[in-house]
Each structure stands twice: as structure tokens, then as C-alpha cells.
Amino acid sequence: MKLATWNINSLSVRLPQVLDWLAKQAQTAPVDVLALQEIKLSDDKFPAQAFEEAGYHAAWFGQKTYNGVALVSRTPPFDVVRNIPGFPDEQARVIAATYGAGDDAVRVIGAYFPNGQAPGSDKFAYKMRWLQALREWLASELGQHPRLALMGDFNITFDDADVWDPEGLRETIHCTNEERAHLQALIALGLHDAHRLFPHPPKTFSWWDYRMLGFQKNRGMRIDHILVTDALKARATGCEVDRAPRKNPQPSDHAPVVLTLA
DNA sequence: ATGGCCATCGCGGATGGA
């Protein structure tokens, strides 16, 4: 089984890249659930038919111009939840669904965490409120779903190993202790960073700034994560960032992350 | 040293991203 997450920074621009990537993945093993972020589409513009023709189901939660998330899957989604229950939000950032049934059921939460702009800003305060609400809801989801994966663009680094210039970016957005404490609080609910279950070269990142030849110089951060429960950790066989799509013409600034499970 | 890109809306240039 394969789970993947990719911030594609506009699905209208990069739908062909997503379909190509899914087809390429399928040459080894097909992706079972792909979480997309920043689709930047209203619900009526979602290309459901294109995914259907490629053999995938989809559940989506769109928004015009900004944000927007989707789950693309080989089997149909059940019990779909949009955004965080009990946390009214104008911004479309979360979609959850269950795949399979009974002892095989896997709960997937796809999320586009707020950017936060800068510590001290209104957007940072919103990010903190959002993280608190996510944690409270996640606790109840974990009570119901032993096999659960939370994946998406977290807009938070775990620690300095996830940052190309940890000293220069100390306490800047994505790298503050306050954000990292929230991320650890999610982990403390009983989740594991799938990436860190396996060895990786130093400076393995998932996002690179479009400017300053960021990708070519590997000036990036690891802010796209897949978090799994004990039951899924036990089945995990690999977790990789696929840098290939970042080399496409007109790439997203993020690369997909893929978790493979037995 | 600074900011250097990209998408959106909409048709210039502001806003947001990270």
C-alpha cells in the first residue's frame, strides 16, 4: 500500500503533472491515496472526471484562488469530513476519509496547515489556533481509528535537520519553537514521523523556494510530512521524497512524499 | 547586500506563499 502527499500549488496548472506522476508510480506500485494541497479551485472546477478516467476516486474540498485540499484514491472514500469539526474556518484546509472496511480500514487526514507568515502576525496567531483545534479533533479521530495517517503540507519543520540554514532561519516561520512544540504535541497523541522511521541522506527536503535557485542549491526545508499510528508504523516499509517532479518544467515548489506499507 | 519566483485575478500590480 502506498500513501502520498503533494502540495501542487494550483491543480489547474499541474493536473497533467499529477496524472503523469500517478501513472509513473503505478509502474512499480500504484498510489492508494494521494493527498493534494493548494488545489486553488472552487468545488465546481475540480477535475473529477480526469481522475475518474485515470481510474481514481476523489474527494475534494475546494476554495477559489487560495488553499483547497483533495484526496485521490483507488478505492472510494467513506465518512468524508471537511475542515476541523467545531472550528469554523473560511479556509479549506482539511479533508479526511476512510478507505477499506473492518480491520483493513485506514483513516486518512489530508491537511494544508496555515503558513503563518511571521511570528507575532495575525496569521501566526491563526496558525496557533488552528493547530490547537486540529490537535483536539485528532485526539478523537485517533480514538476511533487505530490505523490513521495524517499527511500534508504542515508548514513546520521538526528540527534543524529539516532546514537548509538552521542558524540563519532560527525562529523564523516554519522553524520557531512554538510551531515545533505544536508538531510534537501531535506526535505525543501517538503518531510517528514516517520519514524518520528510515535512514535518509542529510538535507533531505520536500520544499524549495522558487527564487535564488533554491532547488538547484538544495536550499530547502522538510515541511511536508506523513504521520502514522503504531499500527501503520508496524507496516511501514519505506518513506521517500520524490524529487523528480521538482525538475519538471513549471514545477510545484513542493515535491511529493510517499509512504510504502506492507 | 538586496531580492531575485510563481499563481491568482484580471489586464496593472497587489496579495499570498514559505
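Chain letters run A, B, ... following the sequence lines, proteins first, then strands; residues in each count from 1.
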A.B. asks: Scan residues 167-193 of chain A for pairs that pass ring-ring contact (aromatic ring centres under 6.0 Å, His included), counting only residues two or more places apart or in two chains.
C.D. replies: none

A.B. asks: Please tabulate, for side-chain N and O atoms in residues 61-69 of chain A, each donor-acceptor pair with protein atoms closer than 3.5 Å (sequence neighbours left out).
C.D. replies:
| from | atom 1 | to | atom 2 | distance (Å) |
| --- | --- | --- | --- | --- |
| A:Gln63 | OE1 | A:Asn67 | ND2 | 3.2 |
| A:Gln63 | OE1 | A:Ala92 | N | 2.8 |
| A:Asn67 | OD1 | A:Arg93 | NH2 | 3.4 |

A.B. asks: Among Ile, Leu, Val, Met, Phe, Trp and Tyr joined by side-chain contacts under 4.5 Å, find the other residues sharing a cluster with A:Phe78 and list them by chain and number.
C.D. replies: none

A.B. asks: Taking Watson-Crick and G-U wobble pairs with both distances under 3.5 Å, convert DNA chain B into its dot-bracket string, 5' to 3', dots for unpaired and | for cross-strand pairs.
C.D. replies: ....(((((...))))).

A.B. asks: Below 4.0 angstrom, which residues in residues 115-125 of chain A have at least one non-hydrogen atom near DNA chain B?
C.D. replies: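 Those residues whose heavy atoms fall under 4.0 Å from DNA chain B, taken from residues 115-125 of chain A in numerical order, are A:Asn115, A:Lys123.
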
A.B. asks: Using the side chain to side chain donor-acceptor pair (under 3.5 Å) rule, collect all pairs that involve residues 47-56 of chain A, keeping only residues at least two apart or in two chains.
C.D. replies: A:Gln49-A:Glu53

A.B. asks: In chain order, what residues pass the side chain to side chain donor-acceptor pair (under 3.5 Å) check against A:Asn177, with sequence neighbours excluded?
C.D. replies: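 Partners of A:Asn177 by the side chain to side chain donor-acceptor pair (under 3.5 Å) criterion, ordered by chain and then number, come out as A:Glu171.
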
A.B. asks: If you walk 5' to 3' along DNA chain B, what is the first nucleotide with an atom under 4.0 Å of a heavy atom in chain A, and what is the last?
C.D. replies: B:dG4 to B:dA18

A.B. asks: Checking A:Trp60 now: which residues fulfil side chain to side chain donor-acceptor pair (under 3.5 Å) with it, not counting sequence neighbours?
C.D. replies: none

A.B. asks: Under the salt bridge (charged side-chain N to carboxylate O under 4.0 Å, His left out) test, which residues partner A:Asp209, sequence neighbours left out?
C.D. replies: A:Arg211

A.B. asks: Would you mind telling me which of A:Thr5, A:Asn7, A:Asn155, A:Asn9 makes a side chain to side chain donor-acceptor pair (under 3.5 Å) with A:Gln37?
C.D. replies: A:Thr5

A.B. asks: Which residue pairs satisfy the side chain to side chain donor-acceptor pair (under 3.5 Å) criterion with at least one member in residues 112-123 of chain A, sequence neighbours excluded?
C.D. replies: A:Glu38-A:Tyr112

A.B. asks: Using the test side chain to side chain donor-acceptor pair (under 3.5 Å), find all partners of A:Glu240 that sit at least two apart in sequence or belong to another chain.
C.D. replies: none

